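Here's the structure we're looking at; comments come further down.
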Amino acid sequence: MHYEGKIYRPWMEAESVLIQTTLGCSNNQCTFCTMFDDKRFKVRDIEDVFKDIEEARIIYPFVESIFLIDGNVMAMRTENLLKVVEKVKATFPELKNLSLYSGFNDFRRKSISELKEIREAGVTMAYTGLESGDPVVLEKIKKKMTREHAIEGMAMAREAGIKVLASFIFGLGGKERSKEHAVNTTSLLNIIRPDAIAPMALAVQPGSELEREIARGEFTLPTPLQILEEEKYLLENMDDFPCYYWGDHGNNISPMRGMMPAAREPFLNKINRDIATNPVTKQNVIQTFAW
């Protein structure tokens with residue numbers, strides 16, 4: 001099997017076999033991210049992808065989960081993505097989960113019928129980067145996505161039957177826009193109601209545009225207390241829709257995971273304990289660690 005450049009996958013896909021289907025990210029301009037700064041977006045030659053799938057079959061005698069990388073595989077032409085998915089399913093008949101990265105705009109660029117074909121072929125979940133529901137933050141981080149885009153993309157994925165995990169970042173509004181970031185992200189989640197969410201605490205990546213903004217004094221890092229308060233607001237104000245909460249990323253101050261809304265009360269108890277007793281809340285800025 002062959003991989004080019006830095007390789008990333010969601011932490012909940014740690015047991016999955018990774019098949020590199022695209023290179024990089026079609027946006028690749030987000031100020032906080034350096035994941036794919038070592039390569040231009042490109043769809044790999046389908047025969048090379050097929051070879052990797054066949055080699056994976058030789059290496060792994062039993063596979064229940066496969067994750068297609070890089071940054072937003074859903075951006076592929078539908079006919080080619082279907083060929084990859086069909087090859088995976090034919091090669092691994094025991095497979096239970098087949099997931100990939102997608103942007104909300106990638107859903108929007110396809111038709112409902114295309115998305116339904118992708119789902120029926122075997123894709124079970126798409127991991128999407130929401131990052132924030134605040135229009136000011138979305139523009140500042142160069143996400144090239146609006147709240148309306150996220151709403152439209154999520155509706156299309158849901159109609160097609162594709163489950164969606166939405167990730168977002170506590171602290172991405174900085175010290176000055178912490179409240180608006182929390183309020184608007186929560187309100188957007190209550191509209192789109194994804195199947196799962198993955199909240200992460202802000203981590204400043206070395207070499208990122210965000211790092212340079214901090215050095216120039218254009219972005220002020222939030223405090224650890226603000227990070228916890230953002231998460232508390234989210235937990236208090238999420239509507240009662242079924243959603244798995246993957247809040248156990250390695251950078252999170254108060255890691256926890258479970259099914260919402262049943263987990264709301266124990267999660268809030270944990271957050272309130274951390275706010276009251278965790279010594280990190282006395283620090284003036286968060287400590288960040290590269291992904």
Side-chain angles (χ1 to χ4, degrees), residues 2-11 13 18-46 48-49 52 67-78 80-81 84 99-110 118 123 125-150 152-154 157 164-169 171-174 181 185 198 200-216 218-219 249 251 288-291:
H2 303 86
Y3 299 103
E4 182 176 328
K6 295 181 290 186
I7 299 300
Y8 293 90
R9 49 97 181 128
W11 65 98
E13 295 285 341
L18 306 181
I19 303 294
Q20 192 169 37
T21 310
T22 60
L23 302 179
C25 168
S26 63
N27 180 19
N28 205 30
Q29 292 185 30
C30 292
T31 61
F32 62 88
C33 183
T34 60
M35 287 171 61
F36 303 114
D37 60 358
D38 61 336
K39 47 194 163 183
R40 289 178 177 270
F41 182 75
K42 176 185 176 183
V43 176
R44 289 188 68 206
D45 184 89
I46 196 164
D48 290 337
V49 178
D52 282 351
F67 190 80
L68 304 180
I69 56 173
D70 276 338
N72 52 333
V73 174
M74 189 67 79
M76 289 178 66
R77 293 174 63 91
T78 299
N80 288 333
L81 178 54
V84 171
S99 305
L100 47 70
Y101 279 127
S102 174
F104 283 107
N105 282 329
D106 295 325
F107 297 134
R108 294 175 60 245
R109 294 185 182 108
K110 296 189 185 296
I118 292 167
V123 170
M125 177 170 280
Y127 289 68
T128 62
L130 180 65
E131 322 313 353
S132 177
D134 181 53
V136 173
V137 173
L138 286 171
E139 183 174 1
K140 179 69 174 175
I141 65 173
K142 301 181 181 179
K143 184 66 180 176
K144 292 188 176 179
M145 182 191 77
T146 66
R147 285 173 62 95
E148 292 72 26
H149 291 158
E152 181 184 352
M154 182 69 219
V164 172
L165 178 148
S167 60
F168 53 94
I169 303 173
L172 196 56
H181 172 57
T185 301
M200 300 171 281
L202 178 63
V204 180
Q205 305 306 307
S208 65
E209 185 172 343
L210 178 60
E211 184 184 56
R212 294 189 290 273
E213 290 176 357
I214 294 169
R216 294 193 299 263
E218 298 170 1
F219 183 97
H249 187 270
N251 281 333
T288 70
F289 304 92
W291 295 325

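Position 1 is the first residue of the sequence, and the numbers go up from there. What you are looking at is a predicted structure, and each value in this text was computed from that prediction instead of being measured.
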Problem - Any donor-acceptor pair under 3.5 Å from R108 side chain to G153 backbone - result: no
Handout entry: Counterpart residues, side-chain hydrogen bond (donor to acceptor under 3.5 Å, both in side chains), relative to K6 (two or more places apart)
Key = D37
Problem - Heavy-atom side-chain proximity of N27 to M145 below 4.5 angstrom - result: no
Completion exercise
side chain to side chain contact (heavy atoms under 4.5 Å, CB included) with D70: of F41, Y3, F36, only one passes, and it is F36
Handout entry: Flag side-chain contact, heavy atom, 4.5 Å: K140 against F219
Key = no
Practice task
For T21 and I19, indicate whether the former's side chain and the latter's backbone hold a donor-acceptor pair under 3.5 Å.
Solution key: yes
Practice task
Might you confirm whether atom CZ of R212 has over 12 heavy atoms from other residues, nucleotides or ligands at distances under 6.0 Å?
Solution key: yes
Completion exercise
The side-chain hydrogen bond (donor to acceptor under 3.5 Å, both in side chains) partner of S26 among D106, N105, N72 is N72
Exercise for the section: With sequence neighbours left out, write down each residue that passes ring pair (Phe, Tyr, Trp, His ring centres under 6.0 Å) with F104, or none if nothing qualifies. Expected result: none
Exercise for the section: List for me each residue that meets side-chain hydrogen bond (donor to acceptor under 3.5 Å, both in side chains) alongside N80, sequence neighbours excluded, and say none if there are none. Expected result: none
Handout entry: Sidechain N-carboxylate O distance under 4.0 Å for K142, E209
Key = yes
Exercise for the section: Measure the spacing between CD of E4 and NZ of K42 and express it to the nearest 0.5 Å. Expected result: 7.0 Å
